[in-house]
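Working notes, beginning with the structure itself.
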Amino acid sequence: MSEKTDGTPSLHPSKPGSIRITQNGKMRDYIAYALQYLRSHEEPLTLHTLPRNPPGSSKNDHSTTTIPRLISVVEIIKREYLDLLVKERSTQLNGLFQYNSLGNLEDMEHIPPKLSEDVGNEQETRAQMISNMLNASKQHSKRKQTPFMKVVLSRTPIAEGLDGFTSQTPLKRTLSKSAKMRAKKKAKKGEDLKPDSDMEES
């Protein structure tokens, strides 16, 4: 999902399951798109504050200020999702599963150098890195940290592929007496439609 020049979000064709939260984007558009996506796709949805610009750009400070906005959007999406289950008379009790990750843009700048066939160049690069670290330590320079956040919402639990993420228990809704009765009737009807496995073939 990407943002148009007027701040209105639009679907990114290459990343349909991703929403970048910005200061100019409209919250209601983020929420509407997220709910539509989650109801029509089995794949999880990722919301994040990562900037368009590469790490180190001065324009990336917004990734910090948009984190509270991201959290607000996620909480509204989870509540609205439960309301949709009620309107659709779904028997599903669990809401969305949530996985969170925090990081620093500066950490993304330090990409390990590619191994060179020339051992001398590799040793020279390593020596330069050590020298830079020692000089920075002597100068007691403060390292700038620009945090960003990622949140993954899923209709089902995710067992693999989310290293470094923390999980959050999904919201649950309580069924009314009438809803419980409908759920029991629906379950019983499904059992009645199942073929009897003990019946012998004629």
Side-chain angles (χ1 to χ4, degrees), residues 1-87 94-112 136 141-173:
M1 185 177 184
S2 61
E3 287 73 31
K4 299 177 183 177
T5 55
D6 59 357
T8 304
S10 60
L11 177 63
H12 194 295
S14 62
K15 294 182 179 180
S18 178
I19 300 178
R20 186 171 71 92
I21 305 297
T22 66
Q23 289 184 324
N24 297 327
K26 296 179 181 179
M27 291 182 66
R28 65 172 179 267
D29 293 328
Y30 292 138
I31 296 164
Y33 172 81
L35 292 173
Q36 180 183 5
Y37 178 87
L38 289 166
R39 294 304 291 155
S40 58
H41 293 77
E42 294 292 338
E43 296 79 11
L45 175 69
T46 301
L47 301 96
H48 64 86
T49 62
L50 286 169
R52 287 183 181 275
N53 303 296
S57 173
S58 60
K59 297 181 180 180
N60 290 340
D61 291 338
H62 293 320
S63 65
T64 300
T65 57
T66 51
I67 288 179
R69 187 176 177 84
L70 166 63
I71 296 174
S72 297
V73 169
V74 169
E75 291 302 318
I76 296 174
I77 291 172
K78 292 193 298 182
R79 293 198 300 267
E80 291 288 336
Y81 183 82
L82 283 183
D83 291 341
L84 279 178
L85 295 180
V86 175
K87 292 178 182 178
N94 286 334
L96 297 169
F97 292 84
Q98 179 178 343
Y99 303 88
N100 310 311
S101 175
L102 283 170
N104 292 315
L105 294 180
E106 287 71 24
D107 293 338
M108 301 176 67
E109 297 180 42
H110 303 288
I111 302 175
S141 59
K142 293 184 178 179
R143 181 186 175 190
K144 180 182 177 182
Q145 291 187 341
T146 309
F148 67 87
M149 186 174 187
K150 287 183 180 181
V151 177
V152 177
L153 296 178
S154 176
R155 294 163 55 180
T156 57
I158 302 177
E160 299 178 352
L162 289 177
D163 295 336
F165 281 74
T166 59
S167 60
Q168 200 164 321
T169 305
L171 298 177
K172 291 186 178 182
R173 67 188 184 96

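Along the sequence shown, the residues carry numbers beginning at 1.
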Criterion side chain to side chain contact (heavy atoms under 4.5 Å, CB included) on M149 and I21, from CA distance to verdict: CA-CA 10 Å; M149 186 174 187; I21 305 297; over 6 Å; no

Going through the checks in order, is the side chain to side chain contact (heavy atoms under 4.5 Å, CB included) test met by R69 and M27? CA-CA 8 Å; R69 187 176 177 84; M27 291 182 66; 3.6 Å; yes

Looking at [atom1] of [X] and [atom2] of [Y], how far apart are the two atoms once the value is rounded to the nearest 0.5 Å?
X    : Y    : atom1 : atom2 : answer
E80  : L38  : CD    : CG    : 12.5 Å
K150 : L102 : NZ    : CG    : 11.5 Å
L96  : L153 : CG    : CG    : 5.5 Å
I67  : S72  : CD1   : OG    : 12.0 Å

Taking atom types as modelled, is there a side-chain donor on T46 or Y99 under 3.5 Å from an acceptor on the other? no

Take a 6.0 Å sphere around CD of Q36 and say whether it holds more than 12 heavy atoms from other residues, nucleotides or ligands. no

Over all atoms of both residues, closest heavy-atom pair of [X] and [Y]:
X    : Y    : result
P44  : V152 : CB-CG1, 3.7 Å
L105 : P51  : CD2-CD, 3.8 Å
I19  : A34  : CD1-CB, 4.1 Å

Quiz: residues 157-168 side-chain donor-acceptor pairs under 3.5 angstrom, not counting sequence neighbours:
from : atom 1 : to   : atom 2 : distance (Å)
Q168 : OE1    : Q98  : NE2    : 3.3
Q168 : OE1    : N100 : ND2    : 3.0

All side chain to side chain contact (heavy atoms under 4.5 Å, CB included) counterparts of L82, not counting sequence neighbours: L85, L171, R173

Output every pair passing salt bridge (charged side-chain N to carboxylate O under 4.0 Å, His left out) with a member in residues 31-47, not counting sequence neighbours, ordered by first then second residue. R39-E88, E42-R155

Taking T22's backbone N and O only, do any of them form a donor-acceptor pair with Y30's side chain (distance below 3.5 Å, no angle check)? yes

After noting the C-alpha distance and the side-chain angles of I77 and L47, does the key distance pass the side chain to side chain contact (heavy atoms under 4.5 Å, CB included) rule? CA-CA 11 Å; I77 291 172; L47 301 96; 3.9 Å; yes

Step-by-step side chain to side chain contact (heavy atoms under 4.5 Å, CB included) determination, H48 to R20: CA-CA 5 Å; H48 64 86; R20 186 171 71 92; 3.4 Å; yes

